Amino acid sequence: MKNLELEILRHSTAHLMASAVQKLFPNTKFGIGPAIEDGFYYDFDMEKRLEPEDLELIEKEMQKIAEEDLVFEKIEKTRNEAIEFFTKKNQPYKVEIIKDLPSEIQEVSFFRNGDFVDLCKGPHLERTSEIKYFKLLNLAGAYWRGNEKNPMLQRIYGTAFYTKEALDEYLKVLDEARSRDHRTLGRELDLFSVTDEIGGGLVLWHPNGARVRNVLENFWRDEHFRNGYEILYTPHIGKSTLWETSGHLGFYNENMYSPMQVDDQDYIIKPMNCPFHILVYKNSHHSYRDLPLRWAELGTVYRYERSGVLHGLMRVRGFTQDDAHIFCAQEQMEDEIIRVLKFCLKMLKDFGFSEYKIYVSTRPEKKFVGKLEEWERAEKALMRAIELANLEYEIDEGGGAFYGPKIDIKIKDALKREWQCSTIQFDFNLPERFDMTYIGADGGKHRPYMIHRALLGSIERFFGILVEHYKGAFPVWLMHEQVRILTITEKQNEYAKNIFERLTEAGIRASINSSNEKLGYKVREAQVQKIPFMLIIGEKEQENNTISVRNRINKTLELSDLGKFIDFVLDKVQNKSLTVE
RNA sequence: GCCGAUGUAGCUCAGUUGGUAGAGCGGCUCAUUCGUAAUGAGUAGGUCGGAGGUUCAAGUCCUCUCAUCGGCUCCA
């Protein structure tokens with residue numbers, strides 16, 4: 001199925017929905033109703049507050065209209081006729097759209113199905129009866145034209161497909177996404193919590209989640225040392241004058257928390273790590289021989305996020321960035337970008353993400369700092385690095401920050417959803433503001449290039465993505481508990497303890513369940529908690545000095561020797577294997 | 001921040017037209033010593049998100065407030 005065909009179907013379904021709404025709620029003013037990635041929506045302005053039950057009503061009405069087999073009829077009108085038409089019909093939003101069309105457009109097209117006539121350039125299906133498999137999904141508020149100063153309209157989201165199978169499949173994926181929700185799994189696996197008593201967007205990491213995080217961070221550090229980075233630690237607060245120098249108080253103010261007073265000085269909790277890294281740089285003079293400097297930090301920052309945007313671990317107010325800053329000379333810049341990109345992709349792959357989309361954001365039209373040729377050089381370096389890696393990318397023209405162009409990498413998870421994680425950004429602003437220099441081979445002062453980069457983005461978000469990607473069943477190397485020993489009767493307690501000690505000694509994270517429950521119960525418990533391996537220990541095993549291994553995908557493994565099992569697990573850890581067989 | 005929905009035990013939820021809180025799971029205790037997704041019995045958990053108000057009486061009605069969820073805007 002081509003996307004274009006789906007788009008036509010969905011857009012036509014949006015019209016169908018609008019015509020149903022018009023029939024049910026005649027005084028409705030219509031916004032727009034486009035097809036979107038997985039479906040469509042339509043925005044309405046009406047007296048009535050729509051409720052979830054109304055969706056069923058509207059769906060039924062749509063079904064009726066579809067069965068009437070109306071024709072989607074195209075009508076042309078001149079611009080003025082169109083304005084007159086919609087003014088008469090009391091459709092101010094439509095009038096606004098037409099008035100905002102470029103002046104060279106004098107003819108506009110309409111589509112009619114039955115009594116419903118909508119401004120639309122098409123294309124559409126031929127008849128309403130072609131729309132068979134659709135579903136209205138949810139209700140939401142949305143600002144007219146996406147601007148929060150405009151009135152808020154009521155939006156209905158829905159989707160449509162050409163076959164029943166495709167629709168069912170899509171609804172199944174939605175269900176699947178719900179069952180993977182990291183907030184639910186986070187509670188079920190006791191990984192983390194967010195509580196009202198502390199405040200929204202401030203995360204408590206429980207032992208299980210913290211264990212996984214710890215493994216992740218240790219790996220992250222090792223890899224950074226291996227890749228030529230040094231690691232820094234910097235404070236959580238700093239004088240407000242620092243943020244004046246950096247300019248954040250100007251351009252980032254609305255995301256920063258109010259200052260606190262210490263000894264008559266204002267201090268601000270950090271929303272970024274960069275100024276601190278720059279001050280480490282400025283603590284001494286640098287020669288061109290020192291460069292490049294690559295400094296990384298798991299830097300915890302606090303940013304004010306509006307209350308309505310907080311979401312589990314994905315959008316929080318306190319989070320840890322896997323931040324790094326690279327300071328280099330102009331001639332090193334291109335190599336550094338290539339290096340970062342390679343490092344980044346390797347890191348993502350180690351966590352099991354090998355599908356991604358890459359975006360390059362270039363210089364904004366108007367507001368930007370730095371010289372034009374610097375921008376061009378940097379943009380070229382970014383694109384070249386991606387091309388050298390033989391990867392595709394999309395250009396977001398003018399989408400860069402005012403201080404420099406960037407690469408953003410969005411990873412695709414098991415459900416093909418895209419998540420923004422990695423970012424590689426040039427900064428032409430801070431080196432200038434902090435007057436950073438190095439002494440070149442010519443004995444003169446030069447300004448270093450500065451590159452910000454985060455590979456995982458924020459540890460919180462990345463962890464949330466991992467939870468959803470793996471549905472809580474982390475790969476063995478990351479899993480907080482790798483092996484659980486299940487005894488059958490208490491006669492095996494001693495033997496179980498010996499096994500536990502050997503596992504622990506080998507560096508395997510294990511526990512014993514010797515409770516007075518039946519084996520079936522213990523298996524179920526371990527299964528629900530997605531523990532990769534269960535060692536079942538009964539009289540038989542004890543007598544023969546063996547073990548019986550079951551993994552979390554309900555398979556018994558042919559590994560009766562503990563030593564061999566330990567090697568097997570360590571091998572999985574070593575290779576970051578994604579399987580448990 | 002805005003629009004809408006929700007908020008009852010650790011979790012999932014029930015609570016009829018206002019009459020003073022209930023289940024399952026989980027926890028704890030006891031019994032059971034048992035071979036690959038739930039052994040049985042008993043028991044303890046709640047100022048029904050918070051603050052006002054209406055009423056003889058509020059989990060149920062009204063007002064305000066906070067938080068969460070779905071979106072919008074914004075973003076790591």
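Note on naming: letters A, B, ... go to the chains in the order of the sequence lines (proteins, then strands), and numbering restarts at 1 for each one. The basis for the numbers below is simple: all heavy atoms, side chains too, and nothing from hydrogens, waters or symmetry mates. Just so you know, these numbers come straight off a predicted model, no measurement behind them.
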With side chain to side chain contact (heavy atoms under 4.5 Å, CB included) as the test, would you mind laying out the steps for A:I566 and A:L503 before giving the verdict?
CA-CA 7 Å; A:I566 289 176; A:L503 289 169; 3.8 Å; yes
Determine, stepwise, if the pair A:F219 / A:F351 fulfils ring-ring contact (aromatic ring centres under 6.0 Å, His included).
CA-CA 10 Å; A:F219 170 69; A:F351 284 102; 5.6 Å; yes
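A:E541 comes within 4.0 angstrom of a base, heavy atoms only. As judged by a 4.0 angstrom heavy-atom cut-off over every strand, A:K540 is placed among the base-contacting residues. A:V194 comes within contact range of no nucleotide atom at all, as no heavy-atom separation falls under 4.0 Å. Residue contacts shown for A:S548 include a base, since a base heavy atom lies under 4.0 Å away. Note on A:Q420: only backbone sugar-phosphate atoms sit closer than 4.0 angstrom, heavy atoms only; bases stay farther off. Using a 4.0 Å heavy-atom distance criterion, A:Q154 is classed as making no nucleic acid contact. Within 4.0 Å (heavy atoms only), A:N554 reaches at least one base atom of the nucleic acid. When heavy atoms are screened at a 4.0 angstrom cut-off, A:G200 is found touching the sugar-phosphate backbone but no base atom. Nucleic acid contact for A:E305: base, since at least one base atom lies under 4.0 Å from a heavy atom of the residue. In this structure, A:E539 reaches the bases: a heavy-atom distance under 4.0 Å links it to at least one base atom across the strands shown. Using a 4.0 Å heavy-atom criterion, one finds that A:G457 contacts the sugar-phosphate atoms exclusively.
Distance from the side chain of A:D196 is smallest to B:A67 among B:G70, B:A67, B:C34. For A:K518, whose side chain is taken as the heavy atoms from C-beta onward, the closest listed nucleotide among B:G35, B:U39, B:C72 is B:U39. You'll find that the side chain of A:V523 is closest to B:U36, out of B:G1, B:U32, B:U36. Nearest to the side-chain atoms of A:M152 among the listed nucleotides B:C34, B:C72, B:C3 stands B:C3. Looking at the side chain of A:R306, the nearest of the listed nucleotides B:U33, B:G1, B:A76 is B:G1. With B:C72, B:G35, B:A37 as the choices, the nucleotide that has an atom nearest any side-chain atom of A:V528 turns out to be B:A37. Between B:G1, B:C34, B:A76, one nucleotide has an atom nearer to the side chain of A:R303 than all others, and that is B:A76. The A:L519 side chain lies nearest to B:G35 when the options are B:G35, B:G1, B:A76. Considering only the side chain of A:L310, B:U68 comes nearest among B:U73, B:C72, B:U68. Nearest nucleotide to the side chain of A:R524, out of B:A38, B:U33, B:G1: B:A38.
Base-pair partner of B:G45: not found among the strands shown (Watson-Crick or G-U wobble, both distances under 3.5 Å). Pairing for B:G40 is with B:C30, a Watson-Crick or G-U wobble pair whose two hydrogen-bonding atom distances lie under 3.5 Å. Of all nucleotides present, only B:C66 satisfies the Watson-Crick or G-U wobble test against B:G7, with each distance under 3.5 Å. A 3.5 Å limit on both hydrogen-bonding distances identifies no Watson-Crick or G-U partner for B:U55. Across all strands shown, B:C13 pairs with B:G22; the Watson-Crick or G-U wobble distances both stay below 3.5 Å.
To the nearest angstrom, C1' of B:G1 lies 13 Å from CG of A:N255. In this structure, A:N513 places its CG atom 13 Å from C1' of B:A38, rounding to the nearest Å. Residue A:E517 contributes atom CD, which lies 12 Å from atom C1' of B:G27 at whole-angstrom precision. Going from atom CD1 of A:I36 over to atom C1' of B:C72 covers 12 Å, rounded to whole Å. Rounded to whole angstrom, the span from the CD atom of A:E525 across to the C1' atom of B:U39 amounts to 14 Å. The distance between atom CZ of A:R178 and atom P of B:U12, rounded to the nearest whole Å, is 16 Å. The distance from atom OH of A:Y41 to atom C1' of B:G4 is 17 Å, rounded to the nearest whole Å.
Taking the six-membered ring for Trp and the full ring otherwise, A:H325 and A:W295 have centroids separated by 6.0 Å or more. Aromatic ring centres of A:F30 and A:F44: separated by under 6.0 Å. Ring centers of A:F353 and A:F462: under 6.0 Å apart, within the cut-off. Aromatic ring centroids of A:F565 and A:F533 lie under 6.0 Å apart. Checked against the 6.0 Å centroid threshold, A:F343 and A:H224 count as a close aromatic pair.
Put simply, A:F319 rests on the base of B:A76: the two rings are less than 5.5 Å apart at their centres and nearly parallel, under 30°.
Residues A:F327 and A:R294 form no side-chain contact, since every pair of their non-hydrogen atoms from C-beta on lies 4.5 Å or further apart.
When the side-chain nitrogen and oxygen atoms of A:H311 are compared with OP1 and OP2 of B:U68, none of them lie within a distance under 4.0 Å. OP1 and OP2 of B:C72 both lie 4.0 Å or more from every side-chain N or O belonging to A:R145. Considering only side-chain N and O atoms, A:S307 lies under 4.0 angstrom from the phosphate OP1 or OP2 of B:G1. For the OP1/OP2 pair of B:C25 and a distance below 4.0 Å, the side-chain nitrogens and oxygens of A:Y521 include no atom meeting the criterion. Dashed line: the shortest gap from a side-chain N or O of A:Y157 to OP1 or OP2 of B:C72 is under 4.0 Å. OP1 or OP2 of B:C69 has at least one side-chain nitrogen or oxygen of A:R183 nearer than 4.0 Å. Residue A:R550 has a polar side-chain atom (N or O) positioned under 4.0 Å from OP1 or OP2 of B:A37.
B:G45 adopts a syn glycosidic conformation, its chi angle falling within 90° of 0.
No more than 12 heavy atoms of other residues, nucleotides or ligands sit less than 6.0 Å from atom CZ of A:R211.
Below the 3.5 angstrom threshold, one finds no donor paired with an acceptor across the side chain of A:Y143 and the base of B:G71.
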